[in-house]
Every structure is written in C-alpha cells, then in structure tokens.
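A quick write-up on the structure given underneath.
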Amino acid sequence: MTEFLPAEEQLRVLERGVVDLVERKELLDRLEKSRQEGRPLRIKLGIDPSSPDIHLGHAVVLRKLRDFQVLGHQVIVLWGTATAMLGDPTGKNKTRPTLTREQVEANKQTYKAQVGRVLDLDRIEERENGEWFDAMGFMGAVRLAAGTTVARMLERDSFEKRYRAGEPISVHELLYPIMQGWDSVELRCDVEIGGTDQLFNLHMGRELQRREGQPAQICLTTPILTGLDGTEKMSKSLGNYIGVTEAPRDMFGKCMSVPDDRMREWFTLVTDVPMDEVEALLAGHPRTAKVALARAVTALYHGADAGDAAVAEFDRMFREGGTPDEMPEHFVDRPDGAEQLLLPNLLAAIGFCASTSEARRLIQGGGVKVDGEVAADPKSGVGAGTYHVQAGKRKHARVTVL
RNA sequence: GGGCGGAUACCCAAGCGGCCAACGGGGCCAGACUGUAAAUCUGGUGGUUCUACCUUCGCAGGUUCGAAUCCUGCUCCGCCCA
C-alpha cells in the first residue's frame with residue numbers, strides 16, 4: 001500500500017478520458033505528497049441509489065474510481081441515502097419524485113452488487129450521508145445553508161434555465177449541492193469524481209472544505225458515454241445500453257454494433273487498452289478494431305476466456321451464418337389432437353415474437369428458419385420432434401415439440 | 001375567474017360522417033448488400049382459429065343505417081386575458 005508510483009505516472013493514468021480536472025496542478029502536488037507520506041488519497045464518488053441498474057455509461061466513472069483504487073488510493077463509495085430522498089435536480093427539467101427509505105435501501109443492495117463488477121468491494125470505504133444528515137437537525141441545516149447565496153446557486157446551469165423559463169424550483173432542490181459538498185467535508189476527501197453534469201456540485205465541496213479549513217478537494221469529471229445508437233447518451237430508457245451484468249455474447253454483440261466513429265470514445269472510456277494500441281487499431285481495418293473493442297469489453301466483465309469465446313462464436317454466427325455455442329431449450333405442446341404445431345404459434349410460445357400476428361409477419365418476411373431452411377409460409381407447422389428455430393440473425397433456440 | 005386551441009398507434013403527425021386498422025416521417029423489426037456496421041434498396045410495424053373476423057383514434061354517454069370524424073358532459077395539456 002505504501003508503494004506508490006511516481007506522481008507523474010499516476011497522473012497519466014488518471015487523466016485518461018477525463019473532461020474537467022480542477023486543478024491538475026493540485027492533483028499532481030497532492031499525489032506527490034501522498035507518495036512522500038505513504039498516505040493514500042481519499043477519493044469520493046457519491047451514488048444516489050435511485051435507479052437500480054448499472055450500464056457501461058455509469059461504469060465510466062466507476063472505472064475512473066477503479067484507476068485510483070489500483071494505484072493504491074482509498075476509494076469511498078458514498079451512498080446518498082439522505083440525498084436520494086431529495087432527488088438530484090441535475091439535468092432534470094422537473095422536480096424529481098422523492099424515494100422512500102425502503103426503495104433507497106433496496107436499490108442500494110442491487111447497485112452494490114453491480115458496482116462490484118468494476119471495483120474491489122473489499123477495499124472500498126462504504127458510507128452513507130444519512131450518518132451526518134439524519135443527526136444534523138433543522139437548525140444545523142439552516143446554519144449550513146447560511147453560507148451560500150441564492151445567486152451562487154442560480155449560477156448553476158440547470159437552475160438558471162429553469163428559473164428563467166419560469167419553471168418551479170423547490171427550496172429543497174437548492175440544498176442538494178450544499179449537501180453533496182458537505183459530504184466531502186465530513187469525509188475529508190482529497191478528490192471527488194462524477195459525471196460532467198456534476199461539476200457544479202463538486203465545486204461546492206471545494207468551497208465548503210475551504211470554509212472549514214480543510215484542503216480543497218480536487219474535482220474530476222468523466223464524460224457521458226454515447227449509447228449504441230451513436231448519438232444519444234447511453235441510458236436505460238432509450239434502450240441503447242449495455243448492462244454490466246449482461247451475458248458475454250450479448251455484451252460482445254452489442255459492442256460490435258457501436259458505430260465506427262465512436263470506437264475511440266469507447267476504447268478510451270470503457271476499456272483499459274493502452275491509447276497507443278488504440279490508435280494503432282483505429283488506423284487499421286475498422287472491423288479488426290471493433291472486434292478488439294468488443295473482446296476487451298467482454299473480457300473486462302467476464303474474463304479473457306469469455307472474450308475469446310465470444311469472438312469465435314460471433315464469427316461463426318455472423319460471418320458464416322452458423323449457430324451459437326448454446327441455445328435456449330424450449331418444450332412446446334401441440335394443441336389437443338393436432339398433428340402439427342403451427343409455426344406462428346410456436347414462435348409466440350417461445351417468446352421470439354410478441355404475438356402470433358407478429359410471428360406471421362416475420363415468417364412472411366423471410367426472417368424465420370427451421371433447421372436452417374427459410375420457412376416463408378405462415379401456415380406451415382411442425383410435428384413432434386426437435387428443431388433448431390431461428391428468428392432473425394440473433395435469436396436461436398432448440399425447440400422440442402411434444 | 002374568462003376566452004381560445006388541442007388530446008390519433010413507440011414518438012411526431014395527417015384524417016374531420018362511409019373508400020380507415022387509419023396518409024406521411026422518425027424509431028424499431030426483418031430481408032438484400034456489407035466489415036458486425038454505416039449508407040442504400042425492399043418489406044413489415046393492433047389482435048385472432050388470418051384473403052375473414054374482432055378490438056382501437058383521451059374518458060363516458062348520445063345522434064345516425066353507419067363516427068377517429070357530429071352533439072353533450074368529464075379529465076388532462078397548451079396559449080391568451082384577468
């Protein structure tokens with residue numbers, strides 16, 4: 001733990017894929033000091049457990065945290081149990097509904113398991129800001145708020161826009177940045193990291209720490225990752241995401257669908273591939289580069305073997321039109337007394353299509369294969385037996401008709 | 001409180017008494033092409049026992065042989081005046 005790399009070398013790792021670094025010089029100095037004193041820096045990431053699923057977009061900031069962890073620093077995951085109930089106004093044009101304690105606790109548990117996909121959970125310091133806010137009391141909160149002006153708060157982009165547009169801003173929302181800043185005081189953070197939309201909040205920590213006579217924390221922000229569509233930010237509601245718990249095959253396949261011109265961004269933010277290697281790959285054939293990207297991502301979450309297996313399987317499935325390593329098994333009954341099970345009903349029964357009508361259309365469009373043969377007649381059916389059923393390029397299943 | 005305009009399938013948006021399961025665009029799905037893509041082209045995009053039938057056009061009623069289209073009430077949204 002006391003063996004820290006030279007500050008410059010650490011900084012090189014930490015700077016990768018970073019948008020804001022306030023201030024770079026301060027970070028360098030503090031890394032140097034930490035090295036001399038053999039004291040790890042304290043790095044905070046605040047997480048409001050408001051949505052329970054983590055995708056690669058969330059993972060960007062977690063991975064930056066991991067960089068710090070690997071370099072021997074102390075990572076603090078701060079659960080915003082108090083702030084989650086407020087709802088961070090960041091990027092929202094509306095007041096967010098507040099959560100109950102039970103929801104927060106439940107989300108926290110699922111969240112934590114997924115955070116473990118990126119961070120070494122044994123080495124994090126895990127805290128909750130309810131620890132101090134619950135005990136602060138109303139007057140304490142008032143004293144805390146007294147140090148900041150409304151004008152200062154309204155500097156914040158999202159507040160300013162809403163204010164100018166005549167949209168409501170609740171008083172409690174103005175308190176959110178102050179609370180987040182106070183967390184840094186309580187935890188004596190050296191660095192706080194977050195997405196670019198967090199810059200204002202991170203600055204609040206600096207201010208409050210200075211006021212309390214602490215060294216001001218360094219603020220570091222990571223970019224918002226572009227989703228699979230190549231234009232919108234990755235988000236669950238847009239469906240353009242890759243979850244950190246997804247199966248290797250899906251993870252790989254989705255990575256392969258990332259647009260070419262987003263590969264540099266993805267390599268930088270989502271993988272550990274060294275940047276000179278990335279540049280070399282990008283200079284070569286795009287497909288080779290993308291395979292490397294997809295393999296790297298898959299390997300990160302499932303291990304190198306899974307990454308290699310995914311490459312092989314993908315080649316077979318898409319270049320040669322073959323079948324996957326393993327397919328889901330389904331057993332379907334024939335209707336009473338019938339010789340055959342109609343194909344549309346089969347597809348609906350195994351969940352490949354939402355309805356028999358949809359299945360029918362897919363069949364007519366030539367998108368369905370049974371044992372490798374295109375089945376273009378919606379009236380066709382299959383008798384008892386086991387079949388390899390394929391809908392589109394991706395959906396395969398071994399279906400046994402009973 | 002008053003006036004006006006709007007609510008149509010995942011989103012935008014036509015339709016304004018029968019030819020409407022409802023134009024068009026986006027998105028999405030499938031096919032061709034390809035590097036897995038992108039771009040391009042083609043088809044599809046309510047349900048079913050599928051050349052027919054059933055349920056849809058904010059909600060509830062009504063007029064009519066027949067309504068997404070007309071009338072009444074309700075709910076929600078936008079704009080304007082107070």
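Below, read A as the first sequence line, B as the second, and so on, with proteins coming before strands; counting in each chain starts at 1.
At whole-Å resolution of the value, CG in A:L228 and C1' in B:rC28 are 14 Å apart. Between the NE2 atom of A:H285 and the P atom of B:rA38 there is a distance of 15 Å, rounded to whole Å. The separation between A:L347 atom CG and B:rU48 atom C1' is 16 Å, rounded to whole Å. One can place NZ of A:K369 at 11 Å from C1' of B:rG31, the figure rounded to the nearest angstrom. What separates CG of A:D315 from P of B:rG35 is a distance of 13 Å, to the nearest Å. What separates CG of A:L342 from C1' of B:rU48 is a distance of 12 Å, to the nearest Å.
Base engagement by A:P286 is indicated by at least one non-hydrogen atom pair under 4.0 Å involving a base atom. Using a 4.0 Å heavy-atom criterion, one finds that A:N240 contacts no nucleic acid atom at all.
Taking a pair to require two hydrogen-bonding distances under 3.5 Å in either a Watson-Crick or a G-U wobble arrangement, B:rG43 pairs with B:rC29. Pairing of B:rG66, defined by two Watson-Crick or G-U wobble distances under 3.5 Å, is not identified with any nucleotide.
Here the separation of B:rU42 from B:rG24, taken at their P atoms, is 13 Å to the nearest Å. Going from the C1' atom of B:rC71 to that of B:rU63 covers 7 Å, rounded to whole Å. Across B:rC16 and B:rU69, the matching P atoms stand 12 Å from one another, rounded to whole Å. Remark: the separation of the C1' atoms in B:rG6 and B:rC12 is 15 Å, to the nearest Å. Across B:rA67 and B:rU56, the matching C1' atoms stand 13 Å from one another, rounded to whole Å. B:rC57 sits 15 Å from B:rG17 when the C1' atoms are compared, rounded to a whole Å. Between B:rA21 and B:rG62, the two C1' atoms lie 25 Å apart (nearest whole Å). Straight-line distance between the P atoms of B:rC19 and B:rC28: roughly 33 Å, to the nearest whole Å.
Listed for the A:Q180 side chain is no donor-acceptor partner under 3.5 Å among the backbone atoms of A:Q198.
When the side-chain nitrogen and oxygen atoms of A:R361 are compared with OP1 and OP2 of B:rC28, none of them lie within a distance under 4.0 Å. Considering only side-chain N and O atoms, A:T356 lies under 4.0 angstrom from the phosphate OP1 or OP2 of B:rU48. OP1 or OP2 of B:rG47 has at least one side-chain nitrogen or oxygen of A:S355 nearer than 4.0 Å. Listed pair A:N345 / B:rU49 meets the phosphate criterion, a side-chain N or O lying under 4.0 Å from OP1 or OP2.
Ring geometry for A:Y111 against A:W79 counts as perpendicular: the plane angle is over 60°, on a 0 to 90° scale with 30° as the lower cut.
Side-chain atoms of A:D260 and base atoms of B:rG35 include a donor and an acceptor less than 3.5 Å apart.
Residues A:L41 and A:F4 form no side-chain contact, since every pair of their non-hydrogen atoms from C-beta on lies 4.5 Å or further apart.
Minimum atom distance to the side chain of A:K393 is reached by B:rU34, of the listed B:rC50, B:rG35, B:rU34. Of the candidate nucleotides B:rC50, B:rU45, B:rC29, B:rC29 has the atom nearest to the side chain of A:L362.
A:H73 and A:Q10 form a side-chain donor-acceptor contact under 3.5 Å, judged by distance and modelled atom types alone. Side-chain N/O atoms of A:W132 and A:D183 include a donor and acceptor closer than 3.5 Å. Looking only at atom types and distance, the side chain of A:S184 has no donor-acceptor partner in the side chain of A:Q209 under 3.5 Å away.
Where A:G365 and A:S257 each meet RNA chain B at their nearest nucleotide, the meeting point lying more 5' is that of A:G365.
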